[in-house]
Trainee: 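Provided herewith is a single structure, encoded as structure tokens, for subsequent inquiry.
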Amino acid sequence: MSLGLPLASCSIDEAVSDNEYRERIEKAKQELGDRVMILGHHYQRDSIVEHADATGDSFRLSRMAADSTAEHIVFCGVHFMAESADILTNDQQIVSMPTTRAGCSMADMANVPDVEECWHILLEELDLQDPLSRENPDEIANQDDNFLVPVTYMNSSAALKAFVGKHGGIVCTSTNAKGVLEWALSRAGGLGKVLFFPDQHLGRNTAFKMGFKSEDMVVWDPREIPDTSEISAARFVLWHGYCSVHQRFTVNQIQNLRKSYPHAMIVVHPECDRKVVQAADADGSTDFIRRYCEDAPSGSIIGVGTEINLVQRLNSKYPDKEILCLDDSVCPCSTMYMIHPRFLAEQLESIINGDERNIISIDKQTSSDAIKALNRMLEV
Ligand code: 13P
Ligand code: SF4
């Protein structure tokens, strides 16, 4: 089935056909050979994905970056993904993006000053301990320990990952959130807590999967005065952030699809609201969603709660299945969509000309703190 995707407004000359950009990109890739690796997130448009050397969810792409030996990594995704790639690659490798304007609005919902303020309030008012005070924060804590362990979703700035790394915490993605939260709880101790940011939904959905109840979780909104008695009863303090794309999915949409197609299978991303995840048949990362559609039997009707470029691509890839976006008013991630083939062509050509721009470079101190949190994740 084909859904029409509206073009995000941009200053690209749409009269120049994708074919011209395709030719420029292919020519540049040929000239660069092994010197360059193009990584593409699943939410990228088709005219970018066709040029990617590897595609994946943010976990797989961070692994690909860590394992790559290419001199240049051109990251077609959003800013925090390219930052992680820079942190995980060696000093000789150069990470860049076709445009650095492609950020993530959810990642921007948590910043270091706000998180530090929350951190100090929790430590002081709830009498929790900073894992920094431990000789080895990676060691499993005791039942009577009360550490506050920070966990950041991959969708966060390098500065926040560094904060987490410094304080004995860990990064997670939607692929490994359960294993990571188990890791964090075991380092917090029986009386400790986990501070999870920035996506409250991934935190909540994962904690429920681990068997916790709503009273074990509390939302932290830096604009509100915290209720410390509520927080002291909770095990998880969830930052108030959310994804504007995934919050568009509703239980109503699932019910309507099931009314029209009683055998429809429903899969959603865990950045969706708890009720949406509960009403779905399955939830997982973008790569999980891809595999779910791939593995579904021929003739399946699958309602998907995630970004439209991925849903449309899956629908074209499996013509024997009907793969629909749950939100029929279409939900693109506008920042992922900023990566246009013209920018990719220009980026590759700038590498050839030796005047590379759009470089993502994280300073040494931030990198060395953030890598601790990223490596803990890669080891889980
Ligand atoms: P994945 O890690 O599942 O690819 O998710 C990244 C993302 O930004 C989803 O909105
Ligand atoms: Fe960020 Fe949401 Fe876009 Fe993912 S879909 S990159 S979480 S804004």
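Index from 1, following the sequence.
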Trainee: If you compare all heavy atoms of Trp183 against all heavy atoms of Gly168, which two are closest, and at what distance to 0.1 Å?
Mentor: CH2-O, 3.7 Å
Trainee: Under 4.0 Å between a Lys/Arg side-chain N and an Asp/Glu carboxylate O for Asp53 and Lys29?
Mentor: yes
Trainee: Look at Arg223 together with Asp221 and state whether they make a salt bridge at an N to O cut-off of under 4.0 Å.
Mentor: yes
Trainee: Between Phe147 and Arg187, is there a cation-pi geometry (under 6.0 Å to ring centre, at most 45° from the normal)?
Mentor: no
Trainee: Could you verify whether a donor N or O on one side chain and an acceptor N or O on the other, from Asp57 and Thr286, lie under 3.5 Å apart?
Mentor: no
Trainee: Under a plain distance cut-off of 3.5 Å, with no hydrogens placed, do Asp363 and Thr366 share a side-chain donor-acceptor pair?
Mentor: yes
Trainee: Could you tell me if Tyr318 and Glu294 have a donor-acceptor pair between their side chains, going purely by distance under 3.5 Å?
Mentor: yes
Trainee: Does a donor on one side chain sit under 3.5 Å from an acceptor on the other, for Asn353 and Glu349?
Mentor: no
Trainee: Check for me, please, whether Ile170 and Leu378 land in the same ILVMFWY cluster - side-chain distances under 4.5 Å, paths through other members count.
Mentor: yes
Trainee: Which value, rounded to the nearest 0.5 Å, describes the distance between Phe212 atom CZ and Leu185 atom CG?
Mentor: 5.0 Å
Trainee: Could you check whether the rings of His340 and Phe343 sit parallel, tilted or perpendicular, using 30° and 60° as the cut-offs?
Mentor: perpendicular
Trainee: Give me the ring orientation class for Tyr43 and His41: parallel if the planes are under 30° apart, tilted from 30 to 60°, perpendicular past 60°.
Mentor: perpendicular
Trainee: Which label fits Phe163 and Trp119: parallel for a plane angle under 30°, tilted from 30 to 60°, or perpendicular past 60°?
Mentor: perpendicular
Trainee: Is Arg22 salt-bridged to Glu50, going by a charged N under 4.0 Å from an acidic O?
Mentor: yes
Trainee: Tell me whether Asp46 is salt-bridged to Lys317, with the criterion being a basic N under 4.0 Å from an acidic carboxylate O.
Mentor: no
Trainee: When you compare the side chains of Thr228 and Ser232, does any donor N or O come within less than 3.5 Å of an acceptor on the partner?
Mentor: no
Trainee: Can the ring centres of Tyr242 and His246 be said to be less than 6.0 Å apart?
Mentor: no
Trainee: Between Lys27 and Glu23, does any NZ, NE, NH1 or NH2 come within less than 4.0 Å of an OD or OE carboxylate oxygen?
Mentor: no
Trainee: Under a 4.0 Å N-O cut-off, is there an ion pair linking Asp327 with Arg248?
Mentor: yes
Trainee: Ignoring hydrogens and geometry beyond distance, is a side-chain donor-acceptor pair present between Glu322 and Tyr261 at under 3.5 Å?
Mentor: no
Trainee: Side chains of His42 and Asp287 only: does a donor on one sit below 3.5 Å from an acceptor on the other?
Mentor: yes
Trainee: A cation-pi test, strictly: NZ or CZ of Arg45 under 6.0 Å from the centre of the six-membered ring of Tyr337 and no more than 45 degrees from its axis. Yes or no?
Mentor: yes
Trainee: Within a 6.0 Å radius of atom CD on Glu116, are there more than 12 heavy atoms belonging to other residues, nucleotides or ligands?
Mentor: yes
Trainee: Before accepting this row, confirm whether a basic side-chain N of the pair Asp216/Lys213 lies closer than 4.0 Å to the acidic partner's carboxylate O.
Mentor: no
Trainee: Cation-pi check for Phe236 against Arg204: NZ or CZ below 6.0 Å from the six-membered ring centre and within 45 degrees of the axis, yes or no?
Mentor: no
Trainee: Do you see a donor-acceptor pair shorter than 3.5 Å between the side chains of Asn358 and Gln347?
Mentor: yes
Trainee: Under a plain distance cut-off of 3.5 Å, with no hydrogens placed, do His72 and Glu356 share a side-chain donor-acceptor pair?
Mentor: yes
Trainee: Quick one: do Asp130 and Lys166 make a salt bridge, cutoff under 4.0 Å?
Mentor: no
Trainee: Do Ile25 and Val36 share a hydrophobic cluster (ILVMFWY, side-chain heavy atoms under 4.5 Å, transitive)?
Mentor: yes
Trainee: Measure the CG-NE2 distance between Asp283 and His201 for me, rounded to the nearest 0.5 Å.
Mentor: 13.0 Å
